[in-house]
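So the structure is just underneath, and the comments pick up after that.
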Amino acid sequence: MTRNHYVEIHVDEDGYAEASAEAYSLAESSATAYPVVYPEPFNSVGCGWGTAGKFVERCAQDTATALGLDWECSNNVEIQLTLYCGTPAQYARFRRQLAEKIQVIATWVTIKP
């Protein structure tokens with residue numbers, strides 16, 4: 001049996017932005033060479049407000065596409081992803097794979113079923 005699944009993802013943009021600003025300042029003040037390489041996850045995800053949400057949204061969309069699921073995404077306060085016609089097994093696989101992809105910023109992300 002197939003059905004639609006709704007995934008609500010909350011990204012603590014304020015917490016991430018604050019942590020990235022601190023990491024940015026520390027990296028800049030202690031840099032001995034340029035360009036400055038920021039500590040992970042900020043170097044690969046980006047610094048500032050909005051970068052964590054964009055990273056998670058991209059990961060969610062890429063995961064759904066890789067699993068062959070049709071999806072629709074809206075990003076208001078939280079990211080709301082609708083997976084169309086997925087089985088419960090596909091949904092579970094989606095959640096597992098998404099969790100692996102966003103592991104680097106998992107402390108700032110909550111995925112609600």
Side-chain angles (χ1 to χ4, degrees):
M1 175 181 192
T2 60
R3 64 184 187 129
N4 296 342
H5 296 276
Y6 303 97
V7 183
E8 193 171 294
I9 305 169
H10 175 74
V11 180
D12 179 8
E13 291 284 6
D14 293 334
Y16 181 85
E18 185 177 312
S20 69
E22 289 174 16
Y24 174 88
S25 295
L26 182 61
E28 289 286 330
S29 67
S30 61
T32 58
Y34 290 90
V36 175
V37 176
Y38 305 107
E40 289 301 332
F42 311 110
N43 191 55
S44 60
V45 175
C47 293
W49 203 92
T51 56
K54 288 176 187 163
F55 173 78
V56 171
E57 185 175 341
R58 187 173 56 252
C59 287
Q61 292 171 353
D62 290 350
T63 302
T65 299
L67 291 172
L69 299 171
D70 291 330
W71 53 268
E72 180 180 319
C73 187
S74 65
N75 190 348
N76 296 323
V77 174
E78 296 185 340
I79 299 166
Q80 294 177 344
L81 188 73
T82 305
L83 303 174
Y84 294 103
C85 300
T87 65
Q90 286 175 310
Y91 176 67
R93 191 167 161 202
F94 168 82
R95 287 185 55 97
R96 247 188 340 274
Q97 289 184 6
L98 179 60
E100 289 171 11
K101 286 183 180 182
I102 64 172
Q103 181 69 32
V104 69
I105 63 168
T107 57
W108 293 286
V109 180
T110 305
I111 302 173
K112 300 174 186 174

>> Under the criterion side chain to side chain contact (heavy atoms under 4.5 Å, CB included), I'd like the reasoning laid out for Ile111 against Leu98: C-alpha separation, chi angles, the key distance, then a yes or no.
In response: CA-CA 10 Å; Ile111 302 173; Leu98 179 60; 3.9 Å; yes

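Atom CZ of Arg93 is surrounded by 12 or fewer heavy atoms from other residues, nucleotides or ligands within 6.0 Å.
Using bins of under 30°, 30° to 60° and over 60° for the plane-to-plane angle, the ring pair Phe42/Tyr16 lands in the tilted bin.
Residue pairs that meet the side chain to side chain donor-acceptor pair (under 3.5 Å) test with at least one member in residues 56-65, sequence neighbours left out, are Glu57-Gln61, Glu57-Asn75, Thr63-Lys101, Thr65-Trp71. Applying the salt bridge (Lys or Arg N to Asp or Glu O under 4.0 Å) test to every pair with at least one member in residues 104-113, sequence neighbours left out, gives these pairs: Glu8-Lys112, Glu78-Lys112.
Proximity of Val109 to His10: side-chain heavy atoms (C-beta onward) are nowhere separated by under 4.5 Å.
Under the ring pair (Phe, Tyr, Trp, His ring centres under 6.0 Å) criterion, Phe55 pairs with no residue at all, not counting sequence neighbours. Residues satisfying the ring pair (Phe, Tyr, Trp, His ring centres under 6.0 Å) criterion with Tyr38, sequence neighbours excluded, are Tyr24. Looking at residues two or more places apart in sequence or on another chain, you find a side-chain contact (heavy atoms from CB on, under 4.5 Å) between Asp70 and Tyr84. Scanning for side-chain contact (heavy atoms from CB on, under 4.5 Å) contacts around Ala31 gives Tyr34, Val36, with sequence neighbours left out.
The two residues Thr87 and His5 come nearest to each other via the heavy atoms O-NE2, 3.7 Å.
With rounding to the nearest 0.5 angstrom, the SG atom of Cys73 is 7.0 Å from the CD1 atom of Ile9. Once rounded to the nearest 0.5 Å, the distance linking CG of Leu83 with CZ of Phe94 reads 5.0 Å.
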Please list, one pair per line, the donor and acceptor atoms closer than 3.5 Å that link side chains of residues 43-54 to other protein atoms, with sequence neighbours excluded.
from	atom 1	to	atom 2	distance (Å)
Ser44	OG	Glu40	OE1	2.6
Ser44	OG	Pro41	O	3.4
Trp49	NE1	Asp14	OD1	2.8
Thr51	OG1	Gly46	O	3.4
Thr51	OG1	Gly48	O	3.1

